[in-house]
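This report refers to the structure that appears directly beneath it.
Within every chain, numbering begins at 1; the chains are lettered A, B, ... in the order of the sequence lines, protein sequences first and strands thereafter.
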Amino acid sequence: MTEQSQQLEAITQKEYKAGFVTDIEVDSLPPGLNEDVVRQISLIKNEPEWMLEWRLKAFRHWLTMETPEWAHVHYPAIDYQEISYYSAPKKKTDGPKSLDEVDPELLKTYEKLGVPLDERARLAGVAVDAVFDSVSVSNTFKDKLAEEGILFMPISEAIQEHPELVKKYIGSVVPHKDNFYAALNSAVFTDGSFVYIPKGVRCPMELSTYFRINAANTGQFERTLIIADDDAYVSYLEGCTAPMRDENQLHAAVVELVAMDRAEIKYSTVQNWYPGDENGKGGIYNFVTKRAACRGESSKVSWTQVETGSAITWKYPSVVLQGDNSVGEFYSVAVTNNMQQADTGTKMIHLGKNTSSTIISKGISAGRSQNAYRGLVRIGPNAENARNYTECDSLLMSDTCGAHTFPYIEVKNPTAKVEHEASTSKISEDQLFYCKQRGLDAEDAVSMIVNGFCKQVIRELPMEFAVEAQNLLGLSLEGSVG
Amino acid sequence: MLTIKNLHASVDGKEILRGIDLTVNPGEIHAIMGPNGAGKSTLSNVLAGREGYEITQGEVIYKGENLLELEPEERAQRGVFLAFQYPVEIPGVSNVYLLKAALNAVRKYQGLEEVDAMDFLTLVREKMKLVKMNEEFLHRNVNEGFSGGEKKRNEILQMAVLEPALAILDETDSGLDIDALRTVSEGVNALRAEDRSIVMITHYQRLLDHIVPDFVHVLSEGRIVKSGDKELAKELEKSGYSWIHDAPEGETA
Ligand SMILES: Nc1ncnc2c1ncn2[C@@H]1O[C@H](COP(=O)(O)OP(=O)(O)OP(=O)(O)O)[C@@H](O)[C@H]1O
Ligand SMILES: [Mg+2]
């Protein structure tokens, strides 16, 4: 190994900083999955009958399904009977209405993670919903948003307070039959965020949810539903961490976005779930279904993701472009190091006329990791003048990692224009030397070059998230090039 | 400032530097000339600490320290600056960002505070005037899409910002038009100082009309085969390098 590679290796051997465990009393269900468990979750949440029926239907369908195996990832079969499907910090009252009622241990946890829940402590106006294992523990700025008619609350609360909205939209973008994990999620989802932006309202602040897996042997099955009505705009941020554990933990979320006429939704994710150790022990299985429907004309949805964590990532945030002139965007950075595996990408389904989509994917692989981009661009027969531009770049930091690209293109309308560009390169020793010659240490040099490589994506993130993402990129690659 | 003694270096077992001796005192300007493939860039790379060279013999003392034991960034932080013959492009990284990170890395080593964004901009604007660079270049990605001459100018801008103690300029004049050559030379001259030494590698006498060196050396086949003052460069211009080889052994320095 050259000195350079050793240095790079040293840089990429990072420590996972969010790996601590919060010692807190919890209510949880024993491991296992059957109809009774589904009923119990629904009962704990005091759900209406229709919600329970919806869950049961999903569960019965799930029983008939098989684990998808087409992704470029390998892991031992998951025993769904060993997972606990519900864990929540013990409540003193019916659920925290204000921060005073939130357990101080929990507040400390979020503070340590750099997510202060105290409204006064927040810098820019960012409203936060914090999901701890299966439940939402704090939801800030709710009243202020309510003045604008914006609903931002845990989905379990929305089911109680706005059943008509939930009933109308849940499962309308990702039906429970969609895939194995979506069906499982539909049966056992415990919490997540609900957002509704009324007609003509621009949400005045970034909305954000912070997901934290704490309890051992617990799956996190969150469900997020965001609806932007005609001419509405919202920018939503999602961050995730989990403690370091030797066992793998399952995170199977479903996120549905609906954009009506001329509405715009910007959805940004910084995913930093525990990736496992350098030998691949432990880490989160991140099996997520995220999909947006651009239902209205001239509507727009942008997904931006920076994925640095998880042992395995299986995730394809997609946009169904139904409305004429609608726009879908996908900006992604996926970093894999050590033994991490990522199979991620997007689907852009063009149905309406003059629809356009942009896909920018940056994959960075280090160590012995495997990083795959998988993308589908489908132009339906009625999608006159549809446009897609795809750019997929891979950066290799070692000789032992793998980068793969699986683009699928289906064009059923002759007026479509679809462009695809792809590149794979190794981190350049010349660039590293150049930066070092200017005084930067190896770590900063790698971080600078990698951030440059990802710039097209990072600049899509809201300011405060961009800074976090840049730091994370540096950290995730600590100890890696070769 | 810099003492190189009997330096031998090879690449993949092939010896390229075959016994270099050179002493550079503070404030001096040395020009190194010599045919293509003589080992000039190799010497600069070895001094800057690039990987891939095996030092088989000799030593390099810089300000009392064994330079060859330091990492490239440690050398840079201590004031060794290399203006590259072929500056690399770094996509997505703005010129100003790299400059600021570089300056702060050097300042950190010197025990100084980081410069804040405003002070830094003021400083850079000042330095850009020195090499007549347009501010637009600050926000472009490092060397990306720069013309050959713009890249060279950018190297001198970096030098002006970092204020190194020892600057090695590897063919900074190549690819410059006549006006640019004058501008860059004026920039370098403005950076001349009693405590700053400059080693310039060049193929052309005309650079030395602008930046007058204290010494001129001829490097050939991995050795310094002749040293002299600026007149030596003029003779070389007239007679070429074969003249050196034909000269009797005793005349080499
Ligand atoms: N990495 C390498 N692998 C193999 N040979 C090398 C390597 N680096 C340099 N050399 C060889 O060493 C010799 C000296 O190269 P160097 O770049 O130092 O020459 P130079 O004096 O700077 O020439 P020029 O005037 O053309 O810039 C050349 O023959 C070159 O091919
Ligand atoms: Mg050269």
To the nearest 0.5 Å, atom CG of A:Asp444 lies from atom CG of B:Leu98 at 11.5 Å

For [X], which atoms come within 4.5 Å of any heavy atom of chain A: side chain, backbone, both, or neither?
X       : answer
B:Pro87 : both
B:Glu89 : backbone
B:Arg50 : both
B:Tyr97 : both

Can you confirm whether more than 12 heavy atoms, excluding those of [X], are under 6.0 Å from its [atom1] atom?
X        : atom1 : value
B:Glu194 : CD    : no
B:Glu113 : CD    : no
B:Arg196 : CZ    : yes

Bottom line for A:Phe453: the part with an atom under 4.5 Å from chain B's heavy atoms is backbone

For A:Gly439 and B:Ala76 the tightest heavy-atom approach is N-CB, 3.5 Å

Is there side-chain contact between B:Val93 and A:Met448, with heavy atoms separated by less than 4.5 Å?
yes

Between A:Phe433 and B:Asn45, is there a side-chain heavy-atom distance shorter than 4.5 Å?
yes

Listed by number, the residues in residues 141-150 of chain B that come under 4.5 Å of chain A (heavy atom to heavy atom) are B:Asn141, B:Val142, B:Asn143

| message | Between A:Gln437 (side chain only) and B:Val80 (backbone N and O only), is there a donor and an acceptor less than 3.5 Å apart? | response | yes

For the pair A:Gln431 (side chain) and B:Ile90 (backbone), establish whether a donor and an acceptor sit closer than 3.5 Å, ignoring hydrogens and angles. no

Q. Does the distance from a Lys or Arg side-chain N to an Asp or Glu carboxylate O, for A:Arg438 and B:Glu155, drop under 4.0 Å?
A. yes

Short N-O contact, A:Asp441 and B:Lys108, less than 4.0 angstrom: no

Review point. Going through the checks in order, is the ring pair (Phe, Tyr, Trp, His ring centres under 6.0 Å) test met by B:Tyr86 and A:Tyr434?
Key: CA-CA 10 Å; B:Tyr86 305 108; A:Tyr434 191 82; over 10 Å; no

